[in-house]
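Inspection log for the structure reproduced underneath, given as structure tokens.
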Amino acid sequence: MKISVNSPSKAIDLTLTLSCGQVFRWVQYGGSWFGTLGKTLVKIRQRKGYLDVQSSHPILRSTISNYLRLDDDLESIISELSEDTVFSQVAYEVRGLRILRQDPWECLISYICSRNSRISMIRRVLNNICQRFGEKVTLGEYTNYTFPRPEEIVEAKLSELIGCGLRYGRVQAEEIKNAAELVQKGALDFNVLKRMSYPEAKTKLISLCRGVGSKVADCILLFSLEKIEAFPIDVWVARAMATLYHKYLDKRLVKRILSNPHLSNADYERLSRFARDHFGRYAGYAQEYLYHWIRTKNVECDA
DNA sequence: CCCCAGGCACATT
DNA sequence: AATGTGCATGGG
């Protein structure tokens with residue numbers, strides 16, 4: 001299947017989008033990207049002006065374009081954000097990065113696992129979870145595993161989850177099982193969250209799911225629940241803000257960030273409110289661009 | 001040995 | 001409301 005991405009509104013850098021750290025399980029192999037969407041193993045290769053898609057099972061064109069958020073007019077989003085001249089410089093250096101529309105369940109578990117960890121390790125933990133609890137899928141010579149459903153995690157033994165290499169062992173294993181139970185019981189309904197306003201959905205997520213605080217909630221809301229105004233702030237984004245936007249921020253706040261980028265709740269709130277005021281409805285896009293910019297600026301991405 | 005990574009929950013003040 | 005502390009993996 002070919003999906004045209006030939007117009008500026010549909011611009012995409014597939015490699016950048018899949019490897020920038022918003023999603024953890026895509027693998028590049030032989031010039032193509034492999035990942036699972038539901039039970040289907042998908043292979044995507046970017047060609048001139050289009051994406052070439054193959055899959056282990058029949059898949060709709062709309063499933064792919066929906067996942068890649070090709071419905072977002074990237075050109076107009078970036079031009080709206082670029083009224084800020086600082087951002088326009090960042091956007092000049094980072095082109096074709098799109099927010100994905102991930103599966104909320106997988107996104108929830110992924111970001112529970114992400115806390116105070118690093119991308120290479122998050123990837124390993126999630127792959128271990130999929131290998132133990134997911135299903136094997138193959139496409140040609142390539143093999144991958146699906147992300148387990150909540151029912152499969154509800155049945156999982158704590159010790160097996162801990163064995164997947166979680167950063168905070170038992171604590172996170174319990175958080176993951178707790179989340180699975182909430183979803184299975186229907187107490188956590190992602191479609192309801194999608195219909196809520198950003199602040200309501202955030203409050204709901206944090207109060208319901210152990211292991212989900214401000215940062216993790218913002219990631220889930222941005223990457224899987226249609227809240228493009230969400231602005232997750234990790235140590236990197238905090239640094240980017242302190243570097244690029246210090247003139248808008250309290251001097252002591254900037255100093256606190258630069259000396260210790262782990263934010264207190266109060267500072268998280270301050271920065272996050274500034275970001276949504278400053279960037280507006282597409283703050284989440286601004287966040288991803290800043291995140292990628294600061295990481296490639298200072299350090300070689302830990303791939 | 002040190003430091004740090006897409007932080008959170010809970011206690012203390 | 002603000003700050004401090006435990007958590008407890010793995011790589012540089």
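Here is how names work: the chains are called A, B, and so on, in the same order as the sequence lines, proteins then strands, and each is numbered from 1.
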Distance in angstrom units between A:Arg295 CZ and B:dC4 C1', rounded: 13 Å
Want to settle it: does A:Gln22 or A:Gly211 sit nearer the 5' end of DNA chain B, counting the closest nucleotide to each? A:Gln22
Expressed in angstrom and rounded to an integer, what is the separation of A:Ile206 atom CD1 from B:dC10 atom C1'? 16 Å
Given atom CG of A:Asn265 and atom C1' of C:dT3, what is their separation to the nearest angstrom? 11 Å
So that I can tick it off, tell me whether A:Arg69 and A:Glu226 are bridged by a salt bridge, with the cut-off set at under 4.0 angstrom between side-chain N and carboxylate O. yes
Please give the distance between the C1' atoms of C:dT3 and B:dA5 as a whole number of Å. 22 Å
A:Ile233 CD1 to B:dA5 P, straight-line distance once rounded to whole Å: 16 Å
Between A:Cys209 and A:Gly21, whichever has its closest DNA chain B nucleotide further toward 5' is A:Gly21
With heavy atoms under 4.0 Å as the rule, sort A:Tyr268 into base, sugar-phosphate or nothing. nothing
Counting side-chain heavy atoms from CB outward, which of B:dG6, B:dA5, C:dA2 is closest to A:Arg239? B:dA5
Rounded to whole Å, how long is the line connecting atom CD1 of A:Ile294 with atom P of B:dG6? 13 Å
Carboxylate-amine/guanidinium proximity below 4.0 Å for A:Arg256 and A:Asp267: yes
Using salt bridge (charged side-chain N to carboxylate O under 4.0 Å, His left out) as the criterion, list what pairs up with A:Arg273, not counting sequence neighbours. A:Glu269
Gap between atoms CD and P, on A:Glu269 and C:dA2 respectively (whole Å): 11 Å
B:dG6 base stacked by A:Trp236? Criteria: ring centres under 5.5 Å, plane angle under 30°. no
Thinking salt bridges, do A:Arg98 and A:Glu288 make one under a 4.0 Å N-O criterion? no
Under 4.0 Å protein heavy-atom contact, by nucleotide of nucleotides 5-12 of chain C - B base, S sugar-phosphate only: --BBBBS-
Return the orientation label for the A:Tyr248 and A:Tyr245 ring planes: parallel under 30°, perpendicular over 60°, tilted otherwise. tilted
Categorize A:Val237 for me: base, sugar-phosphate, or nothing, with a 4.0 angstrom heavy-atom threshold over every strand shown. base
By side-chain contact (heavy atoms from CB on, under 4.5 Å), A:Ser159 pairs with (sequence neighbours left out) A:Lys157
Rounded to the Å, how far apart are A:Tyr111 OH and B:dA5 P? 16 Å
Just say parallel, tilted or perpendicular for the rings of A:Trp26 and A:Tyr67, cut-offs at 30° and 60°. tilted
Expressed in whole Å, how much space separates the P atoms belonging to B:dG6 and C:dA2? 27 Å
Could you state the NZ-C1' distance from A:Lys215 to B:dA9, rounded to the nearest angstrom? 17 Å
Within the 4.0 Å heavy-atom criterion, would you say A:Glu174 contacts the bases, only the backbone, or no part of the nucleic acid? nothing
